[in-house]
Amino acid sequence: MQREIEAWGISTISLSNNPAATERVNPPRWMRVRFPRGSMLGEPGNRDKHLAVLRDTLAALETIREPGGHAELPYRWEAAPVVWRGKPLTEGSYS
């Protein structure tokens, strides 16, 4: 979908917490976040972090020019780990 939107001259960017999978898909631009799966903007209820992630991601549209280009956001998860199927998800765990 991003490639089609880009073909119309509209820049796009994705958020990813799984760099290996994102590199296989090769979107036009993407930002890495170090948050658990399902929490791409940060901890629930942390409005300030959500807005900062969105602002920084949109600002990256100005700096990431090459196809497949990416950067990493500096934010880290600050709440208790997210539990999925009885296991805490840590950075880098996706299942």
Side-chain angles (χ1 to χ4, degrees):
M1 183 179 291
Q2 275 185 269
R3 287 187 196 96
E4 185 65 27
I5 293 169
E6 293 262 344
W8 284 86
I10 301 168
S11 297
T12 64
I13 193 163
S14 293
L15 285 170
S16 172
N17 63 355
N18 187 338
T22 303
E23 287 173 353
R24 285 192 302 274
V25 173
N26 194 27
R29 279 169 222 79
W30 60 281
M31 294 294 286
R32 180 179 183 188
V33 292
R34 292 182 174 269
F35 300 143
R37 181 175 63 174
S39 301
M40 300 307 287
L41 300 177
E43 304 85 9
N46 191 339
R47 184 178 186 273
D48 291 338
K49 185 181 283 184
H50 298 174
L51 290 173
V53 168
L54 286 171
R55 264 193 232 94
D56 290 351
T57 299
L58 292 173
L61 285 168
E62 297 291 324
T63 58
I64 301 173
R65 295 287 182 198
E66 71 280 359
H70 65 279
E72 183 173 321
L73 291 171
Y75 309 104
R76 298 294 182 267
W77 190 258
E78 299 174 59
V82 173
V83 177
W84 171 257
R85 295 184 179 172
K87 293 184 345 185
L89 290 180
T90 58
E91 181 182 320
S93 66
Y94 305 103
S95 58

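Throughout, numbering of the chain's residues begins at 1 and tracks the sequence.
- At least one side-chain heavy atom of Ile64 sits under 4.5 Å from a side-chain heavy atom of Met31.
- Judged as a side chain to side chain contact (heavy atoms under 4.5 Å, CB included), and not counting sequence neighbours, the contacts of Asp56 are Leu73, Tyr75.
- Heavy-atom minimum distance, Ser11 versus Leu61: CB-CD2, 3.9 Å.
- With sequence neighbours excluded, the residues that form a side chain to side chain contact (heavy atoms under 4.5 Å, CB included) with Ala21 are Asn18, Arg24.
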Item to complete: Please test Phe35 against Leu15 for side chain to side chain contact (heavy atoms under 4.5 Å, CB included), starting from the C-alpha separation and ending with a verdict.
Response: CA-CA 10 Å; Phe35 300 143; Leu15 285 170; over 6 Å; no
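- Grouped by direct or indirect side-chain proximity (heavy atoms under 4.5 Å, Ile/Leu/Val/Met/Phe/Trp/Tyr only), Met1 sits with Ile5, Ile10.
- The salt bridge (Lys or Arg N to Asp or Glu O under 4.0 Å) contacts involving residues 4-14 comprise Glu6-Arg29, where partners must be two or more places apart or lie in separate chains.
- In this structure, the side chains of Asn17 and Pro36 stay at 4.5 Å or more apart for every pair of heavy atoms.
- Residues Trp30 and Gly68 share a closest heavy-atom pair of NE1-O, 3.7 Å.
- When all heavy atoms are compared, the tightest approach of Thr12 to Gln2 is OG1-NE2, 2.8 Å.
- Checked against salt bridge (Lys or Arg N to Asp or Glu O under 4.0 Å), Glu23 has no partners two or more places apart in sequence or in another chain.
- In the hydrophobic clustering of ILVMFWY residues, with side-chain heavy atoms under 4.5 Å counting as a link, Leu58 and Leu51 come out apart.
- For Glu43, the side chain to side chain contact (heavy atoms under 4.5 Å, CB included) criterion is met by Asn46, Lys49, Trp77, Glu78, Ala79, not counting sequence neighbours.
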